[in-house]
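Below: the structure, in structure tokens.
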Amino acid sequence: MSEVAKLTLRDYKIELPVVEGSESEVGIDIGKLRAETGAITLDEGYVNTGSTTSAITFLDGEKGVLRYRGYPIEQLAEHCDFVEVGYLLMKGELPTKSQLDTFQGKLSGFRKLPDEMTGFFAGFPKDAHPMATLCAGVLAMSNYYQRLLDVHDGEKVDEAVMRMLAKLPVIAAYAHRNTIGEAPLLPDEKLDYCRNFLRLMFAKKGEDYEAPDELVHALDMLLIVHADHEQNCSTSTVRMVGSADTNLFASISAGILALWGPLHGGANEACVNMLEMIREDGGNVGKYVDMAKDKSHGFRIMGFGHRVYKSYDPRAAIVKAACYKVLEKLKIDDPVFEIAQKLEEVAATDEYFLERNLYPNVDFYSGVLYRAMGIPPKMFTVLFAMGRLPGWIAHWLEMHHNPGKRINRPRQIYTGEIERNVVPMSERG
Ligand code: SDX
């Protein structure tokens, strides 16, 4: 007899099936709740609500564990490259050498944007935020690849996936170059994913450019630690939009917009702006910790806290360790890194942060590495999107392969006016 949860509600006494995951997580399947009791559940912000089952990523917020398809993030960050991890997330297994070479070769061949698209970026103002340009560019792909929009055609979906993965970094680099008044460069099929991106970002037209190995490896690692994070806000958005059978490009563009929010992926840009502000204010970390504790300020330590991690975000630990290595190797003395460490130290012994389990998250130190690469703060969340893309795609595909797939349509509890009649304008006083 499978396990059940017993619910007594007014005159109803029902049993609801209990679901247990492969990591012993327990859920109550409320699929028949409304039909049997007329009631629904209510869970603002979905703090206690699972939207689906998934085999892609497991995280344990209490223990600070993160695994993609069963592999610990620490091992993936150390032993793999980003394209390899993208393959793992989407296909469920690490590739063999020949599988990876084929995959990489296909991606490189799809990098070039359609000719009509290169003029697209010049239409945006120089002060355009690259997240808006990235979203528009990704969405525009549904115009340039109209033959790839059928979500039920496996071959077309596979091609759309490869074109999306290959072109997003190119669109990202073009969005940046437009803000600095530099014409886009053609992608180089011979370069690997990270080297191609860094060249498109920083090379001067007609000049050779070789990204330093330390920065290439740091970028690879950053993209890996951002690659997936189960049902976060932007991934849930991609699933929500995709559940309506919206094409892949439009679903991803929706995820980009959700990620842009400062409470989500936009926190990396907000964090480095906050650290700069503290630096300009004499590095007075205590003042900002006090402001964060005093709700009347409405100020938060960006890059701190997490809905799921109630311990140190394992990704923050990986990124922080890389900061020491890269800054030392490149002989960069970044005051913002010093301030971030001081902020973490002060918070680590402060009751307010301890009792709320507030620790650095993935966005707290990532900006230090992006700065070392010469990436401007407005591009930080664009790099987050580049990293998260294979995770978004993996979840979009998993949703479509789920035989129980239905359009996502949550219910609500109405709290507005009860029925009343329209009063003619002449009588409305
Ligand atoms: C990402 O979901 C994911 O997996 C996201 C992500 C991913 O990979 O996809 O990990 C990426 O988005 C990381 C988070 C980036 N955001 C930030 O760093 C912004 C700053 N942090 C927060 O605003 C907040 O911590 C959230 C949004 C991350 C989580 O918000 P919750 O879970 O809704 O928690 P909450 O806002 O209800 O806060 C609980 C308490 C509150 O205090 P009390 O009302 O209990 O007194 O903690 C306080 C909050 O005021 N609090 C903070 C704080 N974060 C929470 N106080 C000061 N500074 C902070 N950063």
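All heavy atoms count here, side chains included; hydrogens, waters and symmetry mates do not.
Side-chain atoms of Tyr68 come within 3.5 Å of backbone N or O of Ile224 as a donor-acceptor pair. Looking only at distances, no side-chain donor or acceptor of Arg300 sits under 3.5 Å from a matching main-chain atom of Gly305. Remark: the backbone N or O of Glu269 is paired with a side-chain donor or acceptor of Asn273 at under 3.5 angstrom.
Of the residues listed (Phe380, Phe337, Phe304), the one engaging Phe364 in a ring-ring contact (aromatic ring centres under 6.0 Å, His included) is Phe304, and it is the only one. Among the candidates His176, Arg177, Lys205, the single residue satisfying the side-chain hydrogen bond (donor to acceptor under 3.5 Å, both in side chains) test with Glu182 is Arg177.
For the pair Leu222/Ser366, a side-chain contact is recorded, criterion being any heavy-atom separation below 4.5 Å from C-beta on. Using a 4.5 Å heavy-atom threshold, the side chains of Phe353 and Val289 count as touching.
Taking the six-membered ring for Trp and the full ring otherwise, the centers of Tyr309 and Tyr359 sit at least 6.0 Å from each other.
A salt bridge is absent between Asp220 and Arg195; no separation between the charged side-chain nitrogens and carboxylate oxygens falls under 4.0 Å. With respect to Lys112 and Asp115, a salt bridge is recorded, a charged nitrogen being found less than 4.0 Å from a carboxylate O. Comment: Asp334 does not engage Arg279 in a salt bridge, judged by the lack of any side-chain N to carboxylate O separation of less than 4.0 angstrom.
Nearest approach of Met302 to Ala270, heavy atoms of both residues: CG-CB, 3.8 Å. In terms of heavy-atom proximity, Thr133 sits nearest to Ile171 at O-CG2, 4.4 Å. The shortest non-hydrogen separation linking Asp81 to Val83 is OD1-N, 3.1 Å. Between Ser236 and Gln231, the closest heavy-atom pair is OG-O, 2.9 Å.
Scored by the side-chain hydrogen bond (donor to acceptor under 3.5 Å, both in side chains) test, Lys156 finds no partners at all (sequence neighbours excluded). When the salt bridge (Lys or Arg N to Asp or Glu O under 4.0 Å) test is applied to Glu78, no partner is found at least two apart in sequence or on another chain.
For Lys405, the NZ atom is densely surrounded, since the number of other residues' heavy atoms within 6.0 Å is greater than 12.
Using bins of under 30°, 30° to 60° and over 60° for the plane-to-plane angle, the ring pair Phe249/Tyr145 lands in the tilted bin.
A cation-pi arrangement is not found for Arg69 relative to Tyr71, the charged atom failing to lie both closer than 6.0 Å to the ring centre and inside a 45° cone about the ring normal.
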* Going through the checks in order, is the salt bridge (Lys or Arg N to Asp or Glu O under 4.0 Å) test met by Lys329 and Asp213? -> CA-CA 11 Å; Lys329 190 96 179 167; Asp213 283 347; over 6 Å; no
* **From CA spacing to verdict: side-chain contact (heavy atoms from CB on, under 4.5 Å), His400, Asp245** => CA-CA 9 Å; His400 275 292; Asp245 281 359; 3.3 Å; yes
